[in-house]
Amino acid sequence: MSAGPTVLGVTAGADGTLGDAAPDGTGPASHAAVPLALDAVTWTPSTRSRPTIDDLTLHIPAGQRVLLTGPSGGGKSTVLRALTGLLDTSTGDLAGDATGPTRPGERGLLLQQPLHALIGGSVGRDAAFGPENAALDREEIQRRVTSALHAARVGLDAATSPWDLSGGQQQRLALAGSLALDPGALLLDEPLSMLDRPTARAVRAAILDVVGDRTLVVADHDADGWAPHVDRVIVLGAQAHVLADGAPDDVLEQPDPAATPDPATAPDPTAMPAPARASGTSGTPVLSLSRVSIARRRRRDEARGKRTIASPLLEGIDLAVPAGCVAVLTGPSGSGKTTLLRTILGLADPAGGHLERPEPSRIAFVPQEPEHSFVARTVRTEVTASPWAHDPGLAESLLQRADLGHLSDAQPFELSGGEQRRLAIIAALAQEPALLVLDEPTVGLDQERRTQMFALLEEATARGCAVLAATHDPDLITRAHVRLDLAEHGGTRDDDAQSASPEPAATGTALALAPATAPASASASASDTTLRPPRRPRPAPADVLNPLTTIAIAVAAAVGSFAIDRWQLGLLSCVLVAVLAPLAVRGVRSTALRLIPIALAAVGLCWSTVLASPLPVFSGTTWLLGLKEALRIGYFVAPGVLIFASLDPTRLGDALGGRLRLPGRPVAASVAGLVRAGLTADVWERIMTSRRLRGLGARRDLRHPLRSGAALVRLLASCTLALLVDAVRGTEQQALAMDARGFATAQHRTWALPSPFTRGDLVGLAAAALLLAAPWVLRTVLGG
Amino acid sequence: MSTGSTPAASSARAEKTAATGASPTPAPTPAPASDALARRPLPAYRTVDLVLTVAIGVVFAFVFLAWGQVYTLFTPLQAVLPPSVGLLAGVWFLPALVAMLIVRRPGAAVLAEVIAAVLEMVLGGQWGIGTVVSGLLQGGGVEIAFLVTAYRRFTLPVAIAGGALSGILEWVYERFSYYPEWSWASAWALLGFFIVSGALLCGVLGWLIVRALGATGALSAFPAGRQWGRRSRA
């Protein structure tokens, strides 16, 4: 074992000094780089009988830059976790010595999927999460946030929502989140594998810029990209056995077969049979688009406000995919790949042009997350789960082809990532589709698994299936017969990829009009890093209220409603609500959407009261009693339903944690969960969609409520399970990212923004008092 | 508070090393239910416990939105027999039970149910602040059932009792807040439907969901994963 000489400093850009010093000179005093050490560490997860780390000793001196590489499943991630000091000893047996950090955030951690590392409801609050956990005061938090956002070159306004950013921007934001605690070491777990090449290059440059003299450990199966930037390469084999350890040149010059794929055994990039390459026009295309234009999808934050008519995202798309042909759809995130796929799948209508595709039963779809489509208990039944998969013999032979035969009785969810992808593809092929559509089929897979994937795609084309894949995998692009590049024809480039040169050779053409909704295109210098609550697209007067006032208003009305003992009083009280309502209303349509369910509930309550009250059914008195109940329930719920449209989870957290001093960790974890609820909604929609595309959607038939009810319950149960699996898998990564930012010990955390009571709250509390007292006063006045 | 962080790690390490020495190879069968408990002290939530509890609440807020469609299908029945509205109620108690069966720490049921309620409320659920009151009571019902066992038994009968108890508490609230004008005959019928639904749609269904989730191997970081998870194929 040798610590190689310090080979290379920062290679990416002249301003590599940004790392520690804040631009305004007010940054935190820099902590020194820290050494990392594992001594005779053996780690056996309680679900395994053999250790995943077997007697590993590893010393990394302060300031050294190390690449951990080796094949998937070798335990790189676990070793990285041990180096971070975050192995959870309640989930396995740890022997040996893995010393943890001495202060919150001493060891910063970046994950493969940056979404898991995002915690705050805005860019600024996300960067502030670590300093809050370290219980810093507000001025210091603001300084740290400003300095970290600049250092990581996030270049976004602090109030921007983090959820719609591109992968590259999210990874930079995650980097800023780590830098805000001024780590002495940065540990990176395949931080670039979900990004396309130009974006990956740009993010790597941003990371190297801020490393400075910090210790750096990168776990990545792609050794080549990192090798020029590290002092030392460690190759890990099974059970984290060290296969090689030394200077990059020494280790990587004699490539270990396990470390980097041997060019001789790597698949021939032109191996895909090319029926269409020679004669691109042979046969009628299975899928053809001519002059198709695609409308922009509504964004999440717009969904609450008024619906705007968006300019087309893409226009003039021509594409023809004949049988037995592989077509790829390329372009950076935001260029409309997903929307175009949805249109081709029949989930959205093209805004214009002509689109020809097979019948729904002849199109099969493999989502990026194969787990979203799984419905069956075993791998074998999963293959034939679709009603459009008729041939059990075919299913059996596909299982063998995909090398899943020995797993046919296993549970689909318990397969590894690569196995799940292959299962989803053969389940699609079992439908004998004319068109197979895949969304990023190789992302996150190592070379061996990608080779298996290519073999399956060959299997598909050999069966005469037309294949269309949205991808940024250069190998897959090389193998394709047809390429439609949305970027080359003017589609928005990822902000991180500006320096990239477009790649050649597209046979399809597309013309993009306006750029996609860029989450933020502001340059680093123009962005405002001041922490503040995000402004809503359509403000309502009630938005200024402290969340506690909001709750007081809702509770006051609910208590007041118990005074309503006759319909006249109910009517007067509801008039009061109607008078106050404009203060909480932000639009006619959104308000109607909130009020209609109340109206239906009130009608239902009126009807049930008429039937179930002790009075004679359907008499005049009974109807008036029902009317009173309807008005009473309206008064009970309507003020709350209206005012909660103004409730912001982050501000609610500031009020409950900062002002009421409720326990900090549960409150902060709840806020973190609520602000990412939109992502859960997206996953739920994808899960539902993948079932519909497999012919497994529910048909509601009011003539057979029991049968369709049971079918619906079955569908919901399967979707719920898939959504829960997705949530649980994300949970572990999120918790890891939070603990790396000091959350584990954040019992006495601070809150980056105050939760003030203003003059507006006086008005709000007056409204609450009025809603509480008015029905009781009116009741006395009306007498009884 | 966290068991994964440094301060606790040294003592935990010693403890674990000793345990490894005693039984180097864990048994290849699922552990009995009594062994699959959260590490003590119980109120010491690990970050992953908190995050999962909240995530379960968020997931079920969206399940709730979809569950509304089932209500539409049953409208004709409810129009004839109003108390039958209680038949579908058990699903509202699910986040509490699912979180408790997985995390196995005090408060998990209430926290998950309140998160689901708050999110449903913010998304525009029709019961406004009443949703949160329901959330507290429904979470409380499940919580009480497991509290009675001192958080030591996570079996199907306790799950059913928890669902039924949530049904009873929710009935008390709805009887006096939503249906005060109903005759007692109707109110008792509603209570019966609530209990049956709580026992089946919450107790049994929730238990089945957690068992299925454990079989996926996704719960390996939680007590439920040790009870239901299979040994790795490796």
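First the proteins, then the strands, lettered A, B, ... as listed; each starts at 1.
Among the candidates A:A727, A:G626, A:A677, the residue making the largest number of heavy-atom pairs closer than 4.5 Å to chain B is A:A677. Among B:F176, B:F62, B:Y179, the residue making the largest number of heavy-atom pairs under 4.5 Å with chain A is B:F62. Top candidate by heavy-atom pairs under 4.5 Å with chain A, chosen from B:A79, B:A55, B:A66, is B:A79. The candidate from A:R729, A:Q734, A:R632 with the greatest count of non-hydrogen atom pairs under 4.5 Å with chain B is A:R632. Between chain B and the residues A:G673, A:S670, A:A602, A:A672, the largest count of heavy-atom pairs under 4.5 Å involves A:S670. Counting heavy-atom pairs closer than 4.5 Å to chain B, the top-ranked of the candidates A:M738, A:E732, A:M688, A:R676 is A:E732. Of the listed residues A:P412, A:P597, A:C719, the one with more heavy-atom pairs under 4.5 angstrom with chain B than any other is A:P597. Between chain B and the residues A:V683, A:I598, A:L716, the most heavy-atom pairs under 4.5 angstrom are made by A:L716.
Contacts between B:V91 and chain A at a heavy-atom distance below 4.5 Å are absent for every atom of the residue. For A:L723, the parts lying under 4.5 angstrom from a heavy atom of chain B are both the backbone and the side chain. Neither the backbone nor the side chain of B:A61 comes within contact range of chain A; no heavy atom of the residue lies under 4.5 Å from a heavy atom of that chain. Proximity to chain A is limited to the side chain of B:S186, based on heavy atoms less than 4.5 angstrom apart. Neither the backbone nor the side chain of B:T53 comes within contact range of chain A; no heavy atoms are under 4.5 Å apart. The parts of B:Y178 that come within reach of chain A are both its backbone and its side chain, each placing non-hydrogen atoms under 4.5 angstrom from that chain. For chain B, the nearby parts of A:L724 are the backbone and the side chain; heavy atoms of each come within less than 4.5 Å. Both the backbone and the side chain of A:L721 come within less than 4.5 Å of a heavy atom of chain B.
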For residues 108-131 of chain B, dump all side-chain donor-acceptor pairs below 3.5 Å to protein atoms at least two apart in sequence or in another chain.
residue: B:E113; atom: OE1; partner: B:A96; partner atom: N; Å: 3.3
residue: B:T131; atom: OG1; partner: B:G128; partner atom: O; Å: 2.7

Quick one: side chains of residues 206-223 of chain B, donor-acceptor pairs under 3.5 Å with protein atoms, not counting sequence neighbours, listed by atom name and distance.
residue: B:T216; atom: OG1; partner: B:L213; partner atom: O; Å: 2.5
residue: B:T216; atom: OG1; partner: B:A218; partner atom: N; Å: 3.1

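Contact check for B:P180 versus A:F562: no side-chain heavy atoms found under the 4.5 Å cut-off. The shortest distance between side-chain heavy atoms of A:W607 and A:V603 does not fall below 4.5 Å. Between B:I102 and B:L52, some side-chain heavy-atom pair lies under the 4.5 Å cut-off.
Looking at A:R665 and B:T47, their side chains do bring a donor and an acceptor atom within 3.5 Å of each other.
We find the OG1-CG distance between A:T731 and B:D49 to be 10.5 Å, quoted to the nearest 0.5 Å. The distance from the CG atom of B:L87 to the CG atom of B:L77 is 7.0 Å, given to the nearest 0.5 Å.
Applying the ring pair (Phe, Tyr, Trp, His ring centres under 6.0 Å) test between B:W92 and each of B:F64, B:F194, B:Y173 identifies B:F64 as the sole match.
B:W171 has its ring centre less than 6.0 Å from the ring centre of B:W188.
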